[in-house]
Amino acid sequence: MAKNVVVVGTQWGDEGKGKIVDWLTDHAQGVVRFQGGHNAGHTLVVGDKVYKLNLVPSGIVRAGVNCYIGNGVVLNTHHLLSEIRELEAGGIEVRSRLKISPGCPLILAYHTALDRAREAAKRPDCRIGTTGKGIGPTYEDKVARRALRVYDLFYPERFAEKLKEIIQYHNFVLTQFLDAEAVDYEAVLAQAMADAELIKPMVADVSAALHAANQSGQNLLFEGAQGALLDVDHGTYPFVTSSNCVAGQASAGAGVGPGMLHYILGITKAYCTRVGGGPFPSELDIETPGLPGYQMSQTGREFGTVTGRKRRCGWFDIPALKRSIQINGVTGLCITKLDVLDGLTEIKICTGYTLNGKNVDLLPIGAEEVAECLPILESLSGWSESTVGATTQESLPPAARAYLARIEALCGIPIDIISTGPERDETILRRHPFAH
């Protein structure tokens, strides 16, 4: 009987989902991306090779695994083709194994122009920290029912007619409201038509393909992008991404019923990070050498895969994790980057907040209230021994085991996997998601 697993980030993204998806793919015949765009970044380390993926599902580096881009993804075809060529240059066969939903909304040049112009027009303290890749404006077009989708590429005349109307609308906003340059219609059309010829062979009814795979007994892995606290409905709004990042979106964003989602694996770092603007209750100083936040930043190499920006770092946040567990229905946790904490004499956990004089044990909804939260910190002993590359729980220092046990006790969800390094085999398995 087929077993399907959804992998989601439980923090503000960058939790190390790519490595875990790749590691789990030895039990899956298909990997599905169901939301976001090329604003996401997954870094995989396989032997001496490093793969940086934005759109292609992480399962692509496993031979014989099919990969699917669901209708919930907003698609920049030009970027996708560039990513495919890079993978092919590294000896990975992509095109016969990648299936793209015809329902994906297309990211076009005017979306990128709008994204960047809007962010530039805001006061610095109000900027979201968008990647400027056109994700938000594309989702806006989708909801406003004016988006061009992948299936429109199959009808050049219809595509050109729709494009002309849409680009007039967006160019008016760019030039008259945002004081930015207009986007050239002919250039956008020519690029889209050139990409279309290369994309078309990979376009398939992803929903039907996933149902067929499930019926034939194939295990599927649904790969989320970003993190649950960036979810447009449930995150620290407005400092969020433009899509739903929660596990339930795997159903809508891939065209499968929720009954096909059997196990939800929540990925969480052994500490917290955040890129861009927005409240961060347990945030630490990452600039001063010798302080815990500096070690997290430097040892954890906390720089964005997509943007290269420094990630803000902080102590593990239980109220934030509890919110993620609640909105995702998490079955089990995977703790990543435990090794980054090696050498700290004291480690703290944010167990709750003080908000307006009251104790709170769950991340509030909305950025304004979260910004007012003061962390309640609990201290634990650190460890001096190295956990890098540990593959058994028994090989972890007693203090590291106590730290993990305390996280389990506070959040009420079992830790099923512990990652102790970027390589596939640097992993401790307690309970396998596909065997649960």
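Position 1 is the first residue of the sequence; numbering continues from there.
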Would a distance-only check, ignoring hydrogens and angles, find a side-chain to backbone donor-acceptor pair under 3.5 Å from Lys99 to Leu210? no
Students often mix this up, so state it plainly: with edges at 30° and 60°, are the rings of Tyr110 and His170 parallel, tilted or perpendicular? parallel
CZ (Phe154) with more than 12 external heavy atoms under 6.0 Å: yes
In terms of heavy-atom contacts, does CD of Glu181 have more than 12 from other residues, nucleotides or ligands at under 6.0 Å? no
If you measure from the Lys or Arg side-chain nitrogens to the Asp or Glu carboxylate oxygens, is any gap between Lys200 and Glu197 under 4.0 Å? yes
Check for a donor-acceptor pair, side chain of Tyr68 on one end and backbone N or O of Ser207 on the other, with a separation under 3.5 Å. no
Does any part of the side chain of Thr236, heavy atoms only, come nearer than 4.5 Å to the side chain of Phe280, both counted from C-beta? no
Quick one: closest heavy-atom pair of Gly37 and Val73, and the distance? CA-CG1, 4.4 Å
With no hydrogens and no angle check, is any side-chain donor or acceptor of Asp152 less than 3.5 Å from a backbone partner on Arg149? yes
Which of parallel (below 30°), tilted (30 to 60°) and perpendicular (above 60°) describes His27 and Phe434? parallel
Begin from the C-alpha positions of Asp141 and His111 and carry the test side-chain contact (heavy atoms from CB on, under 4.5 Å) through to its verdict. CA-CA 9 Å; Asp141 274 0; His111 293 123; 2.8 Å; yes
What I'd like to find out is whether the side chain of Glu369 reaches to under 4.5 Å of the side chain of Leu355, using heavy atoms alone. yes
Just so I know, are the side chains of Cys245 and Val8 near enough to count as touching, which here means a heavy-atom distance under 4.5 Å? no
Which residue in the set Gln249, Gln226, Glu223 passes side-chain hydrogen bond (donor to acceptor under 3.5 Å, both in side chains) when paired with Gln35? Gln226
Rounded to the nearest 0.5 Å, the CG atom of Asn71 sits from the CD1 atom of Ile100 at a distance of 13.0 Å
side-chain contact (heavy atoms from CB on, under 4.5 Å), that's the test. Do Val65 and Ile60 meet it? Break it down for me. CA-CA 7 Å; Val65 173; Ile60 202 68; over 6 Å; no
Under the side-chain contact (heavy atoms from CB on, under 4.5 Å) criterion, do Val150 and Ser101 qualify, and how do the steps go? CA-CA 7 Å; Val150 167; Ser101 170; over 6 Å; no
Between the side chain of Glu283 and the main-chain N/O of Gly314, is any donor-acceptor distance below 3.5 Å? no
Check ion pair Asp22-Arg62 (N to O, under 4.0 angstrom): yes
From Asn76 atom CG to Ile107 atom CD1, the distance as rounded to the nearest 0.5 Å: 5.5 Å
Is it true that a side-chain atom of Thr299 and a backbone atom of Met296 form a donor plus acceptor pair closer than 3.5 Å? no
Gap separating the CG atom of Leu198 from the NE2 atom of His78, nearest 0.5 angstrom: 10.0 Å
Tell me whether Lys3 contacts the main-chain N or O of Pro433 through its side chain, where contact means a donor paired with an acceptor under 3.5 Å. yes
Hey, are the side chains of Lys310 and Glu287 touching, using non-hydrogen atoms and a 4.5 Å cut-off? yes
Do Ile365 and Tyr237 make a side-chain contact, defined as non-hydrogen atoms from C-beta onward lying under 4.5 Å apart? no
Is there a side-chain contact between Leu106 and Phe159 in this structure, where contact means two heavy atoms from C-beta onward sitting under 4.5 Å apart? yes
Tyr151 side chain reached by Val203 side chain, heavy atoms, under 4.5 Å: no
Separation between CD1 of Ile376 and SG of Cys350, rounded to the nearest 0.5 Å: 7.5 Å
Counting N and O atoms only, with roles assigned by atom type, does the side chain of Arg312 sit under 3.5 Å from a partner on the main chain of Val275, one being a donor and the other an acceptor? no
Can you tell me how far apart CG (Leu55) and CD1 (Ile84) are? Round to the nearest 0.5 Å. 9.0 Å
Main-chain N/O of Tyr271 paired to Gln11 side chain as donor or acceptor, under 3.5 Å: yes
Note, Ile20 side chain near Ser58 side chain (heavy atom, < 4.5 Å): no
Quiz question: by atom type and distance under 3.5 Å, do the side chains of Asp416 and Tyr263 form a donor-acceptor pair? yes
Mind listing the closest non-hydrogen atom pair of Thr288 and Tyr294 along with its distance? O-CB, 3.1 Å
Would the number of heavy atoms belonging to other residues, nucleotides or ligands and lying under 6.0 Å from CG of Asp179 be above 12? no
Would you kindly say whether Thr420 and Asp339 are connected by a side-chain donor-acceptor distance under 3.5 Å? no
Checking the side chain of Asn171 only, and the main-chain atoms of Val183 only, is there a donor and an acceptor separated by less than 3.5 Å? yes
Glu161, CD: over 12 other non-hydrogen atoms inside 6.0 angstrom: no
For the student: nearest non-hydrogen atoms of Arg274 and Trp12, plus distance: NH1-NE1, 2.9 Å
What verdict does the side-chain contact (heavy atoms from CB on, under 4.5 Å) test give for Leu80 and Val56, after you've listed the backbone C-alpha separation in whole Å, the side-chain angles of each residue and the deciding distance to 0.1 Å? CA-CA 7 Å; Leu80 176 62; Val56 178; 3.8 Å; yes
Please determine, by modelled atom types, if Lys19 and Ser419 share a side-chain donor-acceptor pair under 3.5 angstrom. yes
Point-to-point distance, once rounded to the nearest 0.5 Å, from CD1 of Ile325 to CG of Leu333: 5.0 Å
Nearest heavy-atom neighbours spanning Asn219 and Asn4: C-OD1, 3.9 Å
Testing the basics here: between Tyr353 and Leu363, what is the closest heavy-atom pair and its distance to 0.1 Å? OH-CD1, 3.3 Å
When you measure from the side chain of Arg311 to the backbone N and O of Thr273, does any donor-acceptor pair fall under 3.5 Å? no
Evaluate whether atom CD of Glu165 has more than 12 neighbouring non-hydrogen atoms of other residues, nucleotides or ligands under 6.0 angstrom away. no
